[in-house]
Novice: 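Have a look at this one.
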Number of protein chains: 2
Amino acid sequence: MRKRFCPRHGKDYPCSCGMGNLYRFVEPVVLLLLKMKGRSYGYDLAADLEGHALTDTTIEKGVLYRTLRRLEMNGNVKSEWEAEGRGPARRIYRLTKQGEEHLDEWAAVLEHLSKSMSRFVRDARKPAAGKAKPAR
Amino acid sequence: MRKRFCPRHGKDYPCSCGMGNLYRFVEPVVLLLLKMKGRSYGYDLAADLEGHALTDTTIEKGVLYRTLRRLEMNGNVKSEWEAEGRGPARRIYRLTKQGEEHLDEWAAVLEHLSKSMSRFVRDARKPAAGKAKPAR
DNA sequence: TAGTTATAGGTGTTAGTTGCACTTATTTCA
DNA sequence: TGAAATAAGTGCAACTAACACCTATAACTA
């Protein structure tokens with residue numbers, strides 16, 4: 001049984017605190033990059049993803065390409081092949097109107113999540129309540 | 001093919017922006033609650049989870065119980081049956097020393113994630129760069 | 001006292017997701 | 001001409017999520 005490697009706890013420890021490449025967190029980053037760049041393609045996005053990812057881990061190419069396809073299926077981006085220029089042909093993606101709205105939704109979701117998390121961190125660092133007298 | 005329901009986009013939209021009950025986000029909340037309460041059990045934790053969850057969605061019982069078992073397998077909590085008192089016997093959980101450390105690690109992970117997310121939100125709300133003159 | 005509700009702790013199943021390795025193809029450069 | 005860089009994927013086993021379902025005890029209530 002293949003085990004996932006956790007950089008914090010080593011192998012054979014079935015935690016997920018590193019949080020991997022959760023495609024649900026790759027999606028908004030792709031949307032943001034497309035907004036900032038105007039147009040881009042998989043191979044190019046892969047490089048920039050490192051700098052903008054929400055998690056630490058390196059982004060997995062497979063997740064990226066599948067995310068782009070799914071975004072297109074859902075109407076959030078559109079693509080066209082571009083053969084001109086150097087190297088192999090590129091599939092160029094752009095945000096659609098709906099994609100921009102979807103990014104806005106993501107921003108709202110992540111803003112809320114960010115606040116929940118920072119509240120969590122504050123609570124987690126408080127000393128445990130009423131430990132002076134043992135509870136039983 | 002059973003489809004997940006997304007409260008934001010309805011059924012048949014394979015997004016995950018609601019983010020469901022991601023067990024990886026249930027784990028730290030359980031650790032925090034156990035730290036705050038000193039001792040607790042599944043049914044009791046289930047009630048408090050709502051108020052402390054990182055995501056909005058209601059917490060799924062199955063995830064909670066399985067999370068508790070996994071935490072115990074990993075040595076982060078320990079449990080004992082308690083038959084006294086009213087109602088059916090309860091499996092009482094407590095944090096171990098290791099569990100407290102694990103919570104601290106989670107706090108560090110989530111602090112980082114929280115910051116990444118709020119940076120993301122800031123960027124996402126900036127107007128798109130250089131859209132005045134069309135890029136091509 | 002029988003039936004219902006509340007408390008308590010789970011399991012089973014299947015669809016969906018992830019990680020990682022692998023594949024294919026074109027172009028550039030030494 | 002052979003290696004490296006660019007580009008876009010696919011295959012698959014292991015893992016995760018959602019939701020329904022199951023078991024049992026205790027308390028309440030008609």
Side-chain angles (χ1 to χ4, degrees), chain A residues 1-7 11-27 30 40-49 53 55 57-74 79-93, chain B residues 1-7 11-27 30 40-49 53 55 57-73 77 79-93:
Chain A
M1 176 161 53
R2 191 145 53 102
K3 269 290 164 218
R4 188 193 313 196
F5 177 75
C6 167
K11 61 174 166 32
D12 298 329
Y13 189 98
C15 82
S16 51
C17 73
M19 282 186 290
N21 297 304
L22 281 177
Y23 88 51
R24 60 194 84 205
F25 291 152
V26 171
E27 175 173 308
V30 168
S40 188
Y41 53 98
Y43 195 82
D44 179 52
L45 289 168
D48 294 354
L49 271 175
T55 58
T57 45
T58 55
I59 280 76
E60 216 277 301
K61 253 161 9 83
V63 173
L64 171 59
Y65 283 112
R66 276 190 267 242
T67 297
L68 284 167
R69 297 303 211 89
R70 191 165 40 84
L71 283 171
E72 184 158 33
M73 270 176 26
N74 290 337
S79 76
E80 57 188 319
W81 283 97
E82 183 187 65
E84 310 88 71
R86 277 163 261 86
R90 291 148 291 279
R91 192 195 279 270
I92 303 287
Y93 289 93
Chain B
M1 176 160 52
R2 190 147 52 105
K3 270 288 161 217
R4 187 194 313 194
F5 177 74
C6 166
K11 61 174 166 32
D12 298 330
Y13 190 98
C15 83
S16 51
C17 73
M19 282 187 291
N21 298 303
L22 281 178
Y23 87 52
R24 61 194 84 203
F25 291 152
V26 172
E27 175 173 309
V30 168
S40 189
Y41 54 97
Y43 195 82
D44 179 52
L45 289 168
D48 294 354
L49 269 176
T55 58
T57 45
T58 55
I59 279 75
E60 215 277 301
K61 257 168 359 89
V63 174
L64 171 59
Y65 283 111
R66 277 189 265 244
T67 297
L68 284 166
R69 297 302 210 87
R70 192 166 39 84
L71 282 169
E72 183 158 34
M73 270 176 26
V77 303
S79 76
E80 58 190 317
W81 283 98
E82 184 188 63
E84 309 88 73
R86 278 163 263 85
R90 291 149 291 281
R91 192 195 279 273
I92 302 287
Y93 288 93

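The model shown is predicted, which means the values in this text are computed figures rather than measured ones. Every heavy atom of this structure was used, including side-chain atoms; hydrogens, water molecules and symmetry mates were not. By convention in this document, chain letters (A, B, ...) are assigned in the order of the sequence lines, proteins followed by strands, and residues within each chain are numbered from 1.
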Novice: Could you tell me how far apart B:D44 (CG) and C:dG9 (C1') are, to the nearest whole angstrom?
Specialist: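 Taking atom C1' of C:dG9 as the reference, CG of B:D44 is at 14 Å.
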Novice: Could you give me the CA-CA distance, side-chain angles and deciding distance for B:V30 and B:V77, then say whether side chain to side chain contact (heavy atoms under 4.5 Å, CB included) is met?
Specialist: CA-CA 10 Å; B:V30 168; B:V77 303; 5.7 Å; no
Novice: Please state whether the base of C:dG12 and the side chain of B:R66 form at least one donor-acceptor pair under 3.5 Å?
Specialist: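 Side chain to base: pair found, below 3.5 Å.
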Novice: Please report the interatomic distance CG(A:L71) to CZ(A:R66), rounded to the nearest 0.5 Å.
Specialist: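 If we round to the nearest 0.5 Å, A:L71:CG and A:R66:CZ are 14.0 Å apart.
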Novice: Could you say whether A:G62 or B:P88 is positioned toward the 5' end of DNA chain D, judged by the nucleotide with the nearest heavy atom to each?
Specialist: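 The 5'-side residue here is A:G62.
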Novice: How long is the straight-line distance from OG of B:S40 back to CD1 of B:I92, given to the nearest 0.5 Å?
Specialist: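 Output value for this atom pair is 7.0 Å.
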Novice: Would you mind reading off the distance between A:E60 atom CD and D:dG9 atom P, rounded to a whole angstrom?
Specialist: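 One finds 14 Å between P of D:dG9 and CD of A:E60, rounded.
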Novice: Of all the nucleotides listed (C:dA21, C:dA8, C:dT28), which has the minimum atom distance to the side chain of A:R86?
Specialist: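 The answer is C:dT28, which lies nearest to the side chain.
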Novice: Which whole-number value in Å describes the distance from A:N74 CG to C:dG16 C1'?
Specialist: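 Going from CG in A:N74 over to C1' in C:dG16 covers 14 Å.
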Novice: Out of curiosity, B:T67 OG1 to B:R69 CZ, how far, rounded to the nearest 0.5 Å?
Specialist: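 Answer for the OG1-CZ pair, B:T67 versus B:R69, is 12.0 Å.
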Novice: OH of A:Y65 versus P of C:dT17: gap in Å, rounded?
Specialist: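 Taking OH of A:Y65 and P of C:dT17, I get 21 Å after rounding.
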Novice: On DNA chain C, nearest-nucleotide positions of B:R69 versus A:K61: which is more 5'?
Specialist: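 Per heavy-atom nearest nucleotide, the more 5' residue is B:R69.
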Novice: In whole Å, what is the span from the CD atom of B:E80 to the C1' atom of C:dG9?
Specialist: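 From B:E80 CD to C:dG9 C1': 16 Å.
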Novice: Just compare D:dA7, D:dA20, C:dG9 and give me whichever is closest to any side-chain atom of A:Y41.
Specialist: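 Ranking D:dA7, D:dA20, C:dG9 by closest atom to the A:Y41 side chain puts D:dA7 first.
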Novice: Which nucleotide wins on minimum distance to the side chain of A:Y93, given the candidates D:dC19, D:dG9, C:dG10?
Specialist: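 Looking only at side-chain atoms, A:Y93 lies closest to D:dG9.
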Novice: Can you tell me the distance, in whole Å, between the CE atom of B:M73 and the C1' atom of D:dC15?
Specialist: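 Nearest whole value for this atom pair: 13 Å.
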Novice: Using whole Å, what does the distance between atom P of nucleotide C:dA25 and atom CZ of A:R90 come to?
Specialist: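 One finds 18 Å between P of C:dA25 and CZ of A:R90, rounded.
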Novice: For B:I92 and C:dA8, give me the distance from atom CD1 to atom P, rounded to whole Å.
Specialist: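 Going from B:I92 (CD1) to C:dA8 (P), I get 9 Å.
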Novice: Please round to the nearest 0.5 Å and tell me the distance separating atom CD of A:E84 and atom CZ of A:R90.
Specialist: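 One finds 8.0 Å between CD of A:E84 and CZ of A:R90.
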